[in-house]
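Remarks on the structure that follows.
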Amino acid sequence: MTKAANITWHEGSVSREEREKLLNQKGLTIWLTGLSASGKSTIATVLEQALLHKGVSAYRLDGDNIRFGLNKNLGFSPEDREENIRRIAEVSKLFSDATVVAITSFISPYIKDRQLARQLHESSGIPFVEVFVDAPLSVVEQRDPKGLYKKARSGEIKEFTGISAPYEAPESPEIHIRTDLVDIEQAVKHILDYLTEKRLVVAP
């Protein structure tokens, strides 16, 4: 619900269609979800670079990075996780409305929160591509580049997704990538091929 009163939506003079035509690009959001250490951030970083080198304007929104600024007042309770994703859904919608390819890499563990993000985009006619970056818990625990799983197992970190907090896997994502079976380059190529096939990205 909106708490603010006496506000009015102010329409601009440039439609999304006109903006897309002028900039020769479509805006969309690519939403990467998966366990910590599944490979989301690495894929997002390489994907952003690949798109930019193709002449496509893209911007990456990373889960940890966002918590240093926009969401630094949020923790990891279910309520804070919900608000974290709500804010990112709104921000990615703004980027994609401006014809940028927004790439988000967030654990985003709850189906209902990801569905809210999808509905927010689709209700405005903005493409939303959910990418399930999947790897077994045993694999991501073995990777554990930040030592978080070890801390979670010892009880040092509470409410850690996959250990002491749930992760609800996507039921029908547009793209499903098993990072225990493919490398980063193959994963990024899979996403790029999908975007090209669906004509979501056309390099100038």
Side-chain angles (χ1 to χ4, degrees), residues 27-54 56-78 80-110 113-114 116-118 120-121 126-135 139-141 143-149 151-152 157 159-162 165 167-170 173-177 179 182-185 187-192 194-195 201:
L28 69 140
T29 288
I30 303 170
W31 191 282
L32 280 67
T33 175
L35 292 171
S36 179
S38 62
K40 299 182 304 300
S41 293
T42 305
I43 291 173
T45 299
V46 177
L47 177 61
E48 178 188 36
Q49 185 178 45
L51 287 169
L52 288 169
H53 278 269
K54 288 179 178 291
V56 177
S57 180
Y59 192 81
R60 176 177 55 92
L61 298 166
D62 181 81
D64 277 3
N65 293 357
I66 291 296
R67 286 180 176 274
F68 279 98
L70 178 66
N71 291 348
K72 66 181 179 180
N73 64 323
L74 298 177
F76 291 93
S77 68
D80 280 1
R81 288 179 184 273
E82 180 180 356
E83 176 60 13
N84 182 51
I85 297 307
R86 187 196 68 79
R87 291 183 192 178
I88 294 311
E90 292 284 0
V91 171
S92 61
K93 178 190 169 186
L94 290 174
F95 272 91
S96 51
D97 187 53
T99 73
V100 174
V101 176
I103 307 167
T104 75
S105 54
F106 289 76
I107 294 174
S108 45
Y110 303 123
D113 294 339
R114 298 193 303 268
L116 182 147
R118 178 184 292 277
L120 182 67
H121 285 73
I126 298 173
F128 183 91
V129 179
E130 185 177 46
V131 181
F132 180 22
V133 183
D134 187 10
V139 172
V140 295
E141 278 202 78
R143 292 173 181 168
D144 202 14
K146 304 173 186 176
L148 300 178
Y149 284 99
K151 291 181 179 180
I157 298 179
E159 298 180 299
F160 188 79
T161 303
Y167 178 78
E168 299 171 0
E174 279 74 16
I175 301 173
H176 185 177
I177 296 173
T179 57
V182 301
D183 61 24
I184 297 301
E185 288 71 22
V188 170
K189 183 179 185 302
H190 186 33
I191 297 172
L192 290 174
Y194 176 90
L195 297 178
V201 167

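All values below were derived from every heavy atom in this structure, side-chain atoms included, with hydrogens, water molecules and symmetry-related copies excluded. Since the model is a prediction, treat every value here as computed from it, not as a measurement.
Note: N71 CG to R86 CZ = 9.0 Å, rounded to the nearest 0.5 Å. Interatomic distance, N84 CG to I66 CD1, rounded to the nearest 0.5 Å: 8.5 Å. To the nearest 0.5 Å, atom OG1 of residue T33 and atom CZ of residue R114 are 4.0 Å apart. The distance from atom CD1 of I88 to atom CG of L120, rounded to the nearest 0.5 Å, is 12.0 Å. Put simply, NZ on K54 and CG on L195 are 10.0 Å apart, with the number rounded to the nearest 0.5 Å. Rounding to the nearest 0.5 Å places CG of L47 at 11.0 Å from CD1 of I184.
Proximity of a side-chain donor or acceptor of K40 to a complementary backbone N or O of G34 within less than 3.5 Å is detected. Within the 3.5 Å criterion, the main-chain N or O of Y149 finds a donor-acceptor partner in the side chain of D144. With hydrogens and angles disregarded, no donor-acceptor distance shorter than 3.5 Å links the side chain of T104 to the backbone of L61. Proximity of a side-chain donor or acceptor of E174 to a complementary backbone N or O of E130 within less than 3.5 Å is detected. At distances below 3.5 Å, not a single donor-acceptor pair connects side-chain atoms of R60 with backbone N or O atoms of E48.
The aromatic rings of F95 and Y59 lie parallel to each other, with less than 30° between the two planes, well short of the 60° mark.
The shortest non-hydrogen separation linking D80 to G75 is OD2-N, 2.6 Å. Considering all non-hydrogen atoms of both residues, I126 and S96 come closest at CG2-OG, 3.4 Å. Between L52 and A58 the shortest heavy-atom distance is CD2-N, 3.7 Å. Nearest heavy atom pair, residue R81 against residue F160, reads NH2-CA, 4.5 Å. Smallest separation of non-hydrogen atoms from A135 and V140: CB-CG1, 3.8 Å. Taking all atoms of both residues into account, the shortest heavy-atom contact from I107 to L35 is CG1-C, 4.5 Å.
In this structure the side chain of I177 reaches within 4.5 angstrom of the side chain of I191, judged on heavy atoms.
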query: Would L28 and V201 satisfy side chain to side chain contact (heavy atoms under 4.5 Å, CB included), going step by step from the backbone distance to the final call?
result: CA-CA 9 Å; L28 69 140; V201 167; 4.2 Å; yes
message: Is there a side chain to side chain contact (heavy atoms under 4.5 Å, CB included) between V101 and I30? Walk through the geometry before answering.
response: CA-CA 7 Å; V101 176; I30 303 170; 3.7 Å; yes
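Side-chain atoms of W31 and S92 include no donor-acceptor pair closer than 3.5 Å. When only modelled atom types and interatomic distance are considered, D62 and S41 share a side-chain donor-acceptor pair under 3.5 Å.
Judged by the 6.0 Å distance and 45° axis criteria, R67 is positioned over the aromatic ring of F76.
Every side-chain contact (heavy atoms from CB on, under 4.5 Å) that N73 has, sequence neighbours left out, goes to R87.
In this structure, E168 places its CD atom where more than 12 heavy-atom neighbours from other residues, nucleotides or ligands lie under 6.0 Å away.
Checked options I43, T29, L51, T45; the residue passing with I103 is L51 (criterion: side-chain contact (heavy atoms from CB on, under 4.5 Å)).
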